[in-house]
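Accompanying notes for the structure given below.
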There are 2 protein chains.
Amino acid sequence: MTYADFMNAPKRRDRAATRSALLDAARRRFAEHGFDGTGVREIAADAGVDATLIFRYFGSKQDLFDAALATEVPAGLGERAAGPVEFTDALVREVVLGDPAGNDGEHPLLLMLRSAGRPEVRARLHEEVCNGYLADLAARFDGEDAALRAELVGALLLGMGVMRAVVGSPVLPAADPERVRARVAAMVAALEA
Amino acid sequence: MTYADFMNAPKRRDRAATRSALLDAARRRFAEHGFDGTGVREIAADAGVDATLIFRYFGSKQDLFDAALATEVPAGLGERAAGPVEFTDALVREVVLGDPAGNDGEHPLLLMLRSAGRPEVRARLHEEVCNGYLADLAARFDGEDAALRAELVGALLLGMGVMRAVVGSPVLPAADPERVRARVAAMVAALEA
DNA sequence: GTCGTAAGTCATCGATCGATGACAAGGCTA
DNA sequence: TAGCCTTGTCATCGATCGATGACTTACGAC
């Protein structure tokens, strides 16, 4: 079989593979161009399937976005570390230093951030950040400024993700992860007082 | 004159006022819903004018966006403070603690962040952050990790802006500005070594 | 007061968007 | 191999988008 034959050969019919390809393409497109900047035809073209299948398999573009968000939210951070420094360190390794292409795309928070223009997305982002990450962080601080200190640590982590994924600064990907972790730990430790 | 008369009275023709109203409405809409999530008819409706005037006065929706970005870039940060702590403090007061409604809308960086799906906007965001703010910051640090330390401070500042303007966390607006400045200063000071 | 320029309004275009329904064809089962 | 359900394809809809050109009317110069 020649290469042209291979390229023109009819695709195997595989519901699971098609769904998965659509999800992967959607994650990449939504992460890079946001919800409003992404068209269903572009997603389908990236996945190599017909755009109509998006609606057959997911119902609507919004449902596809929700499905792309739902995949593998890391979760389970609460039990892993006690102090704010260790907790932050775990988040740094997971959110910021994690291989962007190796896992399955971008972190859900950064994916939502790119589509924060839509009210539902913003509401969910607010909920997950404030009542999730920030609450977990604040519980690990003592003193009356716990909320403020948690906010600053959260801002640092979120900012690092934005720097890498949105601004595209080359510093964090090129830096030694151990040094990054040490510097962040020093900043968080400076808040314990 | 009754209220109805006032409302139905023909508007005064004022080129400058119309242009300004369009710019203000555009800044608000673009900052909240992003470039792709904002329509010219919505901007015009907010400004109380006809959508056609956008094209007459600015040429295109993209040109209006550029004009909204161009207004009052703070600038002139380079000469104001020498050390990284003082420099950061100046940025905190200006970018994060500034009254969002009092000035003229959101900081240009946050406005670009909301429309980072568009390649031109992302390129400009990358340019201004990396070759502007981060370079200024890195020049104020000593040692070989200057770029990394500048990146972390930049991430903290950017993250604080995102927390307030995108995530909508109520902590920073409600917090005592002096305490915020003190905590941020402690985090930045922890990087000097 | 008249008149011309500029500001505002209206109708509408072509493209693109998400979404739908009818139709063709593959693949498993009997 | 015959039949049926599922998967993929095609044509197309209605809404909305940015943008254009012609028209109307207010305001200031003279």
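Note that the structure is a prediction, hence the values are computed from the model and not measured. Residue numbers begin at 1 in each chain, while the letters A, B, ... track the order of the sequences.
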### Message
Can you identify which nucleotide, out of D/dT7, C/dA19, D/dA22, has its nearest atom closest to the A/Ser60 side chain?
### Response
C/dA19

### Query
Is the shortest side-chain N/O distance from B/Arg15 to OP1 or OP2 of C/dA7 below 4.0 Å?
yes

### Task
May I have all residue pairs that pass salt bridge (Lys or Arg N to Asp or Glu O under 4.0 Å) and include part of residues 168-182 of chain A, sequence neighbours excluded?
A/Asp89-A/Arg181, A/Glu178-A/Arg181, A/Arg179-B/Glu144, A/Arg179-B/Asp145

### Task
Taking side chain to side chain donor-acceptor pair (under 3.5 Å) as the test, write out the residues that go with A/Asp36, two or more places apart.
A/Arg118

#### Entry: A/Glu106 with A/Arg164: basic N within carboxylate O range, under 4.0 Å
yes

#### Entry: Whole-Å gap separating P (D/dG21) and CG (B/Leu53)
16 Å

### Task
Using atom CZ of B/Phe58 as one end and atom P of D/dA19 as the other, report the distance to the nearest whole Å.
13 Å

## Note on the structure
Across all chains, not counting sequence neighbours, the side chain to side chain contact (heavy atoms under 4.5 Å, CB included) partners of A/Phe55 are A/Val40

### Nearest-nucleotide pick for B/Arg13, side chain only, options being C/dA6, C/dT9, C/dA24
C/dA6

What protein N or O atoms touch nucleotides 10-14 of chain C N or O atoms at under 3.5 angstrom, if any, and at what distances?
{"from": "C/dC10", "atom 1": "N4", "to": "B/Thr52", "atom 2": "OG1", "distance (Å)": "2.8"}

### Message
Going by the rule side chain to side chain contact (heavy atoms under 4.5 Å, CB included), which residues pair with B/Ala47 if we only count those two or more places apart in sequence or in a different chain?
### Response
B/Ala21, B/Leu22, B/Ala25, B/Val49

### Message
Using a heavy-atom cut-off of 4.0 Å across all strands, would you classify A/Tyr57 as base, sugar-phosphate, or nothing?
### Response
sugar-phosphate

#### Entry: Nearest-nucleotide pick for B/Phe55, side chain only, options being D/dG8, C/dT9, D/dA19
D/dA19

### Message
For A/Phe58, give me all partners under ring pair (Phe, Tyr, Trp, His ring centres under 6.0 Å), at least two apart in sequence or on another chain.
### Response
none

### Query
Where the side chain of A/Lys61 is defined as all heavy atoms beyond and including C-beta, which of D/dT9, C/dA7, C/dG18 is the nearest nucleotide?
C/dG18

